[in-house]
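Contents: one structure, followed by commentary.
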Amino acid sequence: MMTTNRDMKQIGDVQDRGKLKWTALMLPEHVRMLRDWMDEDNRIQRPELDEFDLQTLQENIEIALMRRCEVEIQVWVEFQFYYYVGKIISIDVRKRSVIYDDSLSTKRLQLDEITSVRLMD
């Protein structure tokens, strides 16, 4: 019995290299284009917030600011959602940002990037 590696198959008297024979045809440009294509499929489009959603968002930010309660802030940046947990300290209207304090430091998030604010308590 002949031993073959996992990519090679014995078909009759011919030893087929399976996937290995196609890898030489893949140029680095093709590989990069395939990776970009896969990344494009994983992208999340920015949610369209209507007037009601924006009103709810504003109310939740104001409530969290007055109560100094813990919130979870959902932010959309470059086709991905990011989540931050902390207490909203202030709102900088001039720079259009929210300043919040997590357990480690004080950070700033742009209002245009925020998609939702959920009160934790």
Side-chain angles (χ1 to χ4, degrees):
M1 172 120 184
M2 285 185 107
T3 58
T4 59
N5 67 18
R6 62 184 174 92
D7 291 321
M8 296 183 76
K9 301 179 212 166
Q10 185 72 33
I11 302 173
D13 292 334
V14 178
Q15 200 171 26
D16 188 21
R17 295 188 309 158
K19 293 186 292 185
L20 291 177
K21 65 184 169 191
W22 297 106
T23 56
L25 296 176
M26 296 296 288
L27 296 174
E29 293 83 14
H30 294 146
V31 174
R32 186 174 55 248
M33 288 173 62
L34 286 172
R35 284 189 186 132
D36 291 344
W37 186 31
M38 286 174 39
D39 289 342
E40 190 175 305
D41 286 345
N42 293 333
R43 289 182 176 177
I44 300 171
Q45 295 300 318
R46 180 177 173 83
E48 294 295 324
L49 300 177
D50 60 4
E51 194 66 34
F52 178 75
D53 295 332
L54 292 172
Q55 180 73 25
T56 305
L57 185 64
Q58 179 183 352
E59 289 172 1
N60 286 345
I61 291 174
E62 289 175 356
I63 290 170
L65 180 63
M66 286 189 293
R67 290 178 43 198
R68 299 273 188 220
C69 64
E70 193 99 353
V71 293
E72 179 187 62
I73 304 170
Q74 180 187 35
V75 176
W76 182 86
V77 178
E78 295 181 7
F79 302 103
Q80 294 291 325
F81 283 118
Y82 297 97
Y83 297 90
Y84 301 97
V85 177
K87 295 180 182 181
I88 295 178
I89 297 172
S90 66
I91 301 170
D92 189 351
V93 179
R94 193 175 48 137
K95 292 185 179 179
R96 296 187 49 80
S97 62
V98 171
I99 301 166
Y100 78 98
D101 186 28
D102 63 3
S103 59
L104 301 174
S105 63
T106 301
K107 298 179 183 168
R108 181 182 302 261
L109 296 172
Q110 293 300 316
L111 282 172
D112 298 333
E113 297 172 347
I114 297 175
T115 56
S116 74
V117 174
R118 186 171 62 97
L119 303 173
M120 300 293 273
D121 39 279

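Keep in mind the model is a prediction, meaning the values are calculated, not measured.
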(message) Donor-acceptor pair, distance only, cut-off 3.5 Å: does the side chain of Ser90 make one with the backbone of Ile99?
(response)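 No.
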Check the hydrophobic clustering (I, L, V, M, F, W, Y; side-chain heavy atoms under 4.5 Å; chains of links allowed) and say if [X] and [Y] are grouped together.
{"X": "Met120", "Y": "Ile61", "value": "no"}
{"X": "Leu119", "Y": "Leu109", "value": "yes"}
{"X": "Ile91", "Y": "Ile63", "value": "yes"}
{"X": "Trp76", "Y": "Ile73", "value": "no"}

Taking side chain as C-beta onward, heavy atoms only, is [X] less than 4.5 Å from [Y]?
{"X": "Val98", "Y": "Leu111", "value": "yes"}
{"X": "Asp102", "Y": "Tyr84", "value": "no"}
{"X": "Val71", "Y": "Asn60", "value": "no"}
{"X": "Asp53", "Y": "Leu57", "value": "no"}

Nearest heavy-atom pair of [X] and [Y]: which atoms, and what distance?
{"X": "Lys87", "Y": "Arg68", "value": "CD-O, 3.6 Å"}
{"X": "Arg96", "Y": "Gln110", "value": "O-OE1, 3.2 Å"}
{"X": "Tyr82", "Y": "Val77", "value": "CE1-O, 3.6 Å"}
{"X": "Ile89", "Y": "Thr106", "value": "CD1-CG2, 4.1 Å"}

Which pairs of donor and acceptor atoms, one on a side chain in residues 36-48, lie under 3.5 Å apart (sequence neighbours left out)?
residue : atom : partner : partner atom : Å
Asn42   : ND2  : Met38   : O            : 3.4
Arg46   : NH1  : Asp112  : O            : 3.2
Arg46   : NH2  : Asp112  : O            : 2.5

(message) Within a 6.0 Å radius of atom CD on Gln80, are there more than 12 heavy atoms belonging to other residues, nucleotides or ligands?
(response)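 Check passes, neighbour count above 12.
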(request) Please check if atom CD in Glu78 has more than 12 non-hydrogen atoms from other residues, nucleotides or ligands closer than 6.0 Å. (result)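 At most 12 heavy atoms, drawn from other residues, nucleotides or ligands, come within 6.0 Å of this atom.
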(request) Would you please classify the geometry between the Phe81 ring and the Tyr83 ring as parallel, tilted or perpendicular, with 30° and 60° separating the classes? (result)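 Rings of Tyr83 and Phe81: tilted, 30 to 60°.
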(message) Would you compute the distance between atom CD of Glu113 and atom OG of Ser97 and round it to the nearest 0.5 angstrom?
(response)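 Glu113 CD to Ser97 OG: 10.0 Å, rounded to 0.5 Å.
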(request) Quick one: do Glu59 and Gln55 satisfy side-chain hydrogen bond (donor to acceptor under 3.5 Å, both in side chains)? Show the steps, please. (result) CA-CA 6 Å; Glu59 289 172 1; Gln55 180 73 25; 3.2 Å; yes
(request) For the residue pair Glu62 and Gln58, confirm or rule out a side-chain donor-acceptor distance under 3.5 Å. (result)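 Judged by distance alone, the side chains do pair up.
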